[in-house]
Amino acid sequence: MAESSASAENIDNGEDENTMTLVDFLEEEQQLESDAYAVLGPSDDKNCTYSLGYVPRQALYACITCTPQDTPDSKPAGICLACSYHCHEGHELVELYTKRLFRCDCGNSLFKGRKCNLEPEKSAVNEKNVYNQNFKGVYCTCARPYPDPDEENSDDMHQCIICEDWYHTKHLNSPVPPDQLYGEMICGECTDRLPFLNFYLSRIATNETQVVDVVGVDKDTSTTTLQTNKEVATEQQNGVSCYLKTHEARSRPVKSATFWPNDFRKILCSCSDCKDLYDKLEVPWILDENDTVHAYEAKGKQSAEVGVSSRYEEGMKALAQLDRYQQVEAIQNYNELKTNLSEYLAKFVANKKVVRKEDINEFFTQMKARKRQKLGTPPYKCH
């Protein structure tokens with residue numbers, strides 16, 4: 001049985017670059033599941049969010065099939081998660097990640113007569129909705145799709161918390177600090193548009209090697225923010241009503257992005273004058289810590305953890321009940337599925353075709369037929 005043991009060990013150890021162990025697979029699934037809950041967890045996948053009004057933050061999609069953007073007079077539209085499932089199945093959808101203060105457009109006048117299956121009666125337009133070029137499937141200052149079919153080397157994308165567009169690292173006009181030094185990014189144009197931000201630049205991460213802090217604390221952004229909060233509180237107790245009146249703005253290159261710690265909103269001045277300024281500049285939500293993508297993702301992950309076992313936990317329980325022969329067989333079946341599905345989907349990518357539900361059903365029908373042919377033939381024989 002030496003040959004079969006060696007083969008099993010190769011599979012268990014993952015020596016073949018095209019294979020993975022069941023534990024590897026379950027861990028990968030756990031990460032994907034966590035990411036999915038982070039984005040989709042707080043969003044309702046059964047009910048259209050239209051009746052909720054302008055939702056503080058939700059996962060959104062643009063349907064290119066129903067609202068094509070290839071003509072000058074084309075107008076963008078956004079749909080909620082539930083409508084992407086129940087009204088636009090099989091359509092060409094652009095995933096927009098999350099957007100703030102948006103009301104679902106599905107079935108309104110932008111869809112030219114096509115009604116929403118979940119909420120047929122809607123206003124003709126949602127006047128408070130804000131649209132950017134992402135709704136047309138392009139991003140960044142280069143206005144290119146993501147992933148870009150003409151770009152050989154992929155580049156990381158960063159979302160601006162103000163305009164909510166996504167930007168390539170190479171187009172930020174500013175070096176990106178290490179992940180631990182920032183939580184939110186504001187693109188160069190938005191930083192230019194909001195001049196009050198320049199008054200806080202001395203307290204944030206400015207490049208890969210430096211966190212400038214006027215009070216001389218260590219290079220930890222949470223500590224820096226804490227010290228800044230104490231300063232602001234002290235100034236308010238001394239009768240200083242506005243932070244901007246007692247501090248100087250710091251200069252920076254025009255159109256250069258700025259990077260901020262997760263809790264930077266706590267250091268922003270909340271006096272009446274500054275609140276009026278935020279309203280005038282159309283960013284009244286900038287003081288709201290629940291507005292952040294970080295808070296939204298945390299809510300999604302938290303809702304997923306309440307009374308629900310993850311696929312990883314369920315998978316590990318099932319794996320523990322299998323003997324070695326069954327484990328090896330399961331690994332082989334998974335790797336065969338992975339290889340065949342990759343080859344099958346590659347054809348759609350090459351032909352730029354949308355994968356429909358019927359296509360996936362056809363694939364699994366073919367897989368079942370192959371499995372029936374193999375029944376009764378064990379993968380290994382003992383000698």
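These numbers come from the heavy atoms of this one structure, side chains and all, not from hydrogens, waters or symmetry mates.
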Q) Do Asp192 and Arg252 touch side chain to side chain, with heavy atoms closer than 4.5 Å? A) yes
(Q) Quick check: do Ile161 and Val293 have side-chain heavy atoms less than 4.5 Å from each other? (A) no
Q: Report the distance from atom OH of Tyr131 to atom CZ of Phe102, rounding to the nearest 0.5 Å.
A: 4.5 Å
**Q.** 4.5 Å side-chain heavy-atom contact, Lys122 and Cys106
**A.** yes
Q: Would you check, one step at a time, whether the test salt bridge (charged side-chain N to carboxylate O under 4.0 Å, His left out) holds for Asp155 with Arg144?
A: CA-CA 12 Å; Asp155 189 8; Arg144 296 292 300 166; over 6 Å; no
(Q) Count I, L, V, M, F, W, Y as connected when their side-chain heavy atoms are under 4.5 Å apart, and connections chain through other members. Are Leu118 and Ile79 then in the same cluster? (A) no
(Q) One pair to check against salt bridge (charged side-chain N to carboxylate O under 4.0 Å, His left out): Arg100 and Asp291. What are the steps and the verdict? (A) CA-CA 8 Å; Arg100 71 166 60 87; Asp291 168 78; 2.8 Å; yes
Q. Quick one: CG on Leu201 to CD on Glu248, what's the gap to the nearest 0.5 Å?
A. 13.0 Å
Q.
For Glu151, is the CD atom crowded, meaning more than 12 foreign heavy atoms sit under 6.0 Å from it?
A. yes
**Q.** Aromatic centroids of Tyr167 and Tyr146 separated by under 6.0 Å
**A.** no
Q.
Using a 6.0 Å cut-off, check whether atom NE2 of His171 has over 12 heavy atoms from anything other than its own residue.
A. yes
Q.
Could you check whether any side-chain N or O of Asp44 sits under 3.5 Å from a backbone N or O of Asn47, counting only pairs where one atom can act as donor and the other as acceptor?
A. yes
(Q) Using only atom types and a distance under 3.5 Å, with no angle test, would you say the side chain of Thr98 pairs donor to acceptor with the backbone of Gln58? (A) no
Q. Any chain of hydrophobic side-chain contacts (each under 4.5 Å) joining Met157 to Tyr61?
A. yes
Q) Hey, does Leu93 have a side-chain heavy atom less than 4.5 Å from the side chain of Ile64? A) no
Q) Of the non-hydrogen atoms in Cys269 and Tyr278, which two are nearest, and what is the gap between them? A) O-OH, 2.7 Å
(Q) For residues Ile162 and Phe264: do they belong to one hydrophobic cluster (side chain heavy atoms under 4.5 Å, members Ile, Leu, Val, Met, Phe, Trp, Tyr)? (A) yes
Q. To the nearest 0.5 Å, how far apart are NZ in Lys255 and SG in Cys190?
A. 12.0 Å
Q) Is Lys275 close to Pro284 at the side-chain level, that is, under 4.5 Å between some pair of heavy atoms? A) no
**Q.** Atom pair CG/NZ of Asn108 and Lys115 - distance to nearest 0.5 Å
**A.** 9.0 Å
Q: Among Asn129, Val130, Leu60, find the residue that satisfies the side-chain contact (heavy atoms from CB on, under 4.5 Å) test when tested with Lys99.
A: Leu60
Q.
If you apply the rule salt bridge (charged side-chain N to carboxylate O under 4.0 Å, His left out), what do you find for Arg265 with Glu184, and how did you get there?
A. CA-CA 10 Å; Arg265 299 172 192 234; Glu184 299 187 299; 3.1 Å; yes
Q) Any sub-3.5 Å donor-acceptor pair from Thr292's side-chain atoms to Ala295's backbone N or O? A) yes
**Q.** Donor-acceptor pair, side chain of Asp105 and main chain of Gly78, under 3.5 angstrom
**A.** yes
(Q) With rounding to the nearest 0.5 angstrom, report the CG to OG1 distance, Asn198 to Thr258. (A) 8.0 Å
(Q) Quick one: does any side-chain atom of Ser74 pair with a main-chain N or O of Pro68 as donor and acceptor, under 3.5 Å? (A) yes
Q: Answer with yes or no after comparing the ring centroid distance for Trp260 and Tyr200 against a 6.0 Å cut-off, counting only values under it.
A: no
Q | Minimum-distance pair of heavy atoms, taken over all atoms of Thr67 and Lys75 | A | CB-O, 4.4 Å
Q) Should Tyr139 and Asp148 be marked as a side chain to side chain donor-acceptor pair (under 3.5 Å) after you check the CA-CA gap, both sets of side-chain angles, and the distance that decides it? A) CA-CA 10 Å; Tyr139 308 85; Asp148 191 339; over 6 Å; no
Q) Distance-only, no hydrogens or angles: does the Ser109 side chain make a donor-acceptor pair with backbone N or O of Ala124 under 3.5 Å? A) yes
Q. Is there side-chain contact between Cys242 and Cys274, with at least one heavy-atom pair below 4.5 Å?
A. yes
Q. Of all heavy-atom pairs between Ala77 and Leu110, which one has the smallest distance, and what is that distance?
A. CB-CD1, 3.7 Å
**Q.** Cys187 versus Cys160, closest heavy-atom pair with distance
**A.** N-SG, 3.3 Å
Q: Calculate, to the nearest 0.5 Å, the distance between atoms CG and OH belonging to Asn117 and Tyr85 respectively.
A: 16.0 Å
Q | Donor-acceptor contact below 3.5 Å, side chain Gln159 vs main chain Glu164 | A | yes
Q: Could you tell me whether His88 and Phe111 have their ring centroids closer than 6.0 angstrom?
A: yes
**Q.** Leu197 versus Thr191, closest heavy-atom pair with distance
**A.** CD1-CA, 4.2 Å
(Q) Just so I know, are the side chains of His168 and Asp156 near enough to count as touching, which here means a heavy-atom distance under 4.5 Å? (A) no
Q) Is the number of heavy atoms from other residues, nucleotides or ligands under 6.0 Å of Lys112 NZ greater than 12? A) no
(Q) Would you call the rings of Phe259 and Tyr182 parallel, tilted or perpendicular, taking 30° and 60° as the class edges? (A) perpendicular
Q) Under a 4.5 Å cut-off applied to non-hydrogen side-chain atoms, are Asn134 and Tyr97 in contact? A) no
Q. How close do Tyr54 and Leu101 get, heavy atom to heavy atom, and via which atoms?
A. CD2-O, 3.6 Å
(Q) Please determine whether side chain to side chain contact (heavy atoms under 4.5 Å, CB included) holds for the pair Phe135 and Val94, giving the CA-CA distance in whole Å, both sets of side-chain angles, and the decisive distance to 0.1 Å. (A) CA-CA 7 Å; Phe135 290 80; Val94 174; over 6 Å; no
Q: Report yes or no: is the cationic atom of Arg103 (NZ for Lys, CZ for Arg) under 6.0 Å from the centre of the six-membered ring of Tyr50, at an angle within 45° of the ring normal?
A: yes
Q) Val283 and Arg193: side chain to side chain contact (heavy atoms under 4.5 Å, CB included), yes or no, with the steps? A) CA-CA 11 Å; Val283 290; Arg193 188 176 71 81; 4.0 Å; yes
